[in-house]
Amino acid sequence: MAQPRRSGMMRAMALPQHIVILTGAGISAESGIDTFRDGGGLWEQHRVEDVATPEAFERAPDLVLRFYDMRRAAIQERHPNAAHHWLARLEREWPAHVAGGSVTVVTQNVDDLHLRAGSQAVIAMHGQHLSAWCTTCDARHRWTGPLIDRPPCPSCEARALRPDIVWFGEVPYEMDAIMAAMDRADLFVSIGTSGAVYPAAGLVRLAREIGAETLELNLERSQGSAWFDETRLGRATEVVPAWVDEMLKRKE
Ligand code: OAD
């Protein structure tokens with residue numbers, strides 16, 4: 001197990017060099033994308049077992065493909081909000097603010113709003129709506145249209161494309177890259193996630209184990225709220241810009 005690297009006293013004085021930010025559906029809510037567990041959220045409208053498991057896809061592929069076709073179409077009509085834009089700004093400016101500094105976004109979201117806002121170091125651990133995965137040749141292709149008509153894979157022509165989404169019971173993507181980012185994190189920030197789904201929900205505990213500071217920005221306390229050093233409650237479009245502004249004004 002990694003050892004804490006710094007004492008509490010040093011943490012209070014030093015600016016964090018490496019920042020890892022975990023985001024969830026709450027950061028995209030004000031862009032008009034439904035969250036999962038809030039009132040009226042996606043999992044109130046659809047049963048997870050019907051649309052977000054490999055078994056569902058085997059049992060009722062048309063239902064699953066239609067569900068994701070609708071979601072894929074919908075996100076293309078949405079736009080990044082101030083929270084996405086300010087995180088992109090933090091990533092751009094942090095290396096100049098703190099020598100060798102870095103900002104990595106680990107997102108559970110399958111929209112592309114962080115990328116469209118300009119963030120570059122983005123790990124999409126639950127996959128992406130705008131990607132299709134060929135289960136025959138394993139290729140992934142950027143995909144903006146529907147999959148319901150079983151279009152051929154551009155690589156192997158098999159009609160075996162599925163949404164490139166991590167379903168329940170499947171292993172999230174890029175866990176090695178996430179662990180590498182976490183391993184050097186001095187500050188871990190969680191934004192707009194309920195803390196209900198692992199392994200993402202466990203990252204705050206890992207952050208504490210390695211001695212990183214931990215901050216939660218959310219509309220309400222998440223399930224893992226007690227694990228954070230600090231919680232700031234409010235809408236993402238308000239609390240995120242305010243926090244980034246504060247970070248960029250901080251001096252050693
Ligand atoms: P949830 O829907 O579980 O949680 C959204 C969180 O965002 C809640 O804690 C809300 O209070 C908060 N929230 C809502 N509006 C907000 C706003 N305007 N500003 C700030 N916070 C706001 O979504 P996730 O935690 O992202 O997985 O869900 C995690 C995973 O569960 C998803 O990636 C998805 C889902 O099943 C897969 O599909 C694999």
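As the structure is a computational prediction, the values presented were derived from the model and not from experiment. Read the numbers this way: they start at 1 and go in the same order the structure lists the ligands and their atoms.
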Check against salt bridge (charged side-chain N to carboxylate O under 4.0 Å, His left out), D229 and R208 | CA-CA 9 Å; D229 296 320; R208 288 179 73 98; 3.6 Å; yes

Can an N or O of A29 be found at a distance shorter than 3.5 Å from an N or O of ligand 1?
-> no

Select one of side chain, backbone, both or neither to describe which atoms of H126 lie under 4.0 Å from any atom of ligand 1, heavy atoms only.
-> side chain

Given E91, R184, Q17, the one that forms side chain to side chain donor-acceptor pair (under 3.5 Å) with S102 | R184

When you measure from atom 18 (N) of ligand 1 to every protein heavy atom, which one gives the shortest distance, and what is it?
-> E30 OE2, 2.9 Å

Do any nitrogen or oxygen atoms of L219 come within less than 3.5 Å of a nitrogen or oxygen of ligand 1?
-> yes

Atom 28 (O) of ligand 1 sits nearest the protein heavy atom R37 NH1, 3.1 Å

Mind running side-chain contact (heavy atoms from CB on, under 4.5 Å) on W86 and D245 for me, showing each step along the way?
-> CA-CA 8 Å; W86 278 75; D245 190 46; 3.8 Å; yes

Between N109 and S28, the two heavy atoms sitting closest are ND2-OG, 3.6 Å

Quick one: nearest non-hydrogen protein atom to atom 14 (C) of ligand 1, plus distance?
-> D38 OD2, 3.3 Å

Chi angles and distances behind the side-chain contact (heavy atoms from CB on, under 4.5 Å) call for L115, H84 | CA-CA 9 Å; L115 294 172; H84 300 102; over 6 Å; no

Do T104 and H18 have side-chain atoms, one donor and one acceptor, less than 3.5 Å apart?
-> no

For G24, the ligand 1 atoms with a heavy-atom partner under 4.0 Å come out as 26 (O)

Which residue holds the protein heavy atom closest to atom 26 (O) of ligand 1, what is that atom called, and what is the gap in Å?
-> A25 N, 2.8 Å

Between CD of Q108 and CG of L203, what distance do you get to the nearest 0.5 Å?
-> 8.0 Å

What do we get for Q108 next to ligand 1 when only non-hydrogen atoms under 4.0 Å count, side chain, backbone, both or neither?
-> both

Among all protein heavy atoms, pick out the one at the shortest distance from atom 39 (C) of ligand 1; state its residue, atom name and that distance to 0.1 Å.
-> V166 O, 3.0 Å

Relative to ligand 1, is V197 under 4.0 angstrom through side chain, backbone, both or neither, heavy atoms considered?
-> side chain

of all protein heavy atoms, closest to atom 36 (O) of ligand 1 is W43 NE1, 2.8 Å

Would you mind finding which of A83, S31, S194 brings a heavy atom closest to atom 4 (O) of ligand 1?
-> S194

Does any N or O atom in E220 lie less than 3.5 angstrom from one in ligand 1, N or O only?
-> yes

Close N or O approach (N109, ligand 1; < 3.5 Å) | no

Shortest protein contact, atom 9 (O) of ligand 1 (heavy atom only) = N218 ND2, 2.9 Å

Heavy-atom closest pair (L161 atom, P151 atom, distance to 0.1 Å) is CD1-O, 3.6 Å

Given the rule in the side-chain contact (heavy atoms from CB on, under 4.5 Å) test, do I165 and E170 qualify, once you have shown the distances and angles that lead to the verdict?
-> CA-CA 9 Å; I165 302 287; E170 298 183 324; over 6 Å; no

Assign the ring pair Y68 / W167 to parallel, tilted or perpendicular, where the plane angle (0 to 90°) is split at 30° and 60°.
-> tilted

If we number the atoms of ligand 1 from 1 as shown, the ones under 4.0 Å from a heavy atom of G192 are 5 (C), 6 (C), 7 (O), 21 (N)

Answer yes or no: does an N/O atom from F36 fall short of 3.5 Å to an N/O atom of ligand 1?
-> yes

Looking only at protein heavy atoms, which one is nearest to atom 20 (C) of ligand 1, and how far off is it?
-> A236 N, 3.5 Å

Check the pair R78 / D112 against salt bridge (charged side-chain N to carboxylate O under 4.0 Å, His left out), numbers first and verdict last.
-> CA-CA 10 Å; R78 305 298 181 215; D112 63 339; over 6 Å; no

Is there a salt bridge (charged side-chain N to carboxylate O under 4.0 Å, His left out) between D69 and R66 once you walk through the steps?
-> CA-CA 5 Å; D69 282 355; R66 260 194 216 100; over 6 Å; no

Please identify which atoms of ligand 1 are closer than 4.0 Å to at least one heavy atom of T193.
-> 6 (C), 9 (O), 24 (P), 25 (O)

Short side-chain donor-acceptor distance under 3.5 Å, T237 and N81 = no

Looking only at distance, does F168 have an N or O less than 3.5 Å from an N or O of ligand 1?
-> no

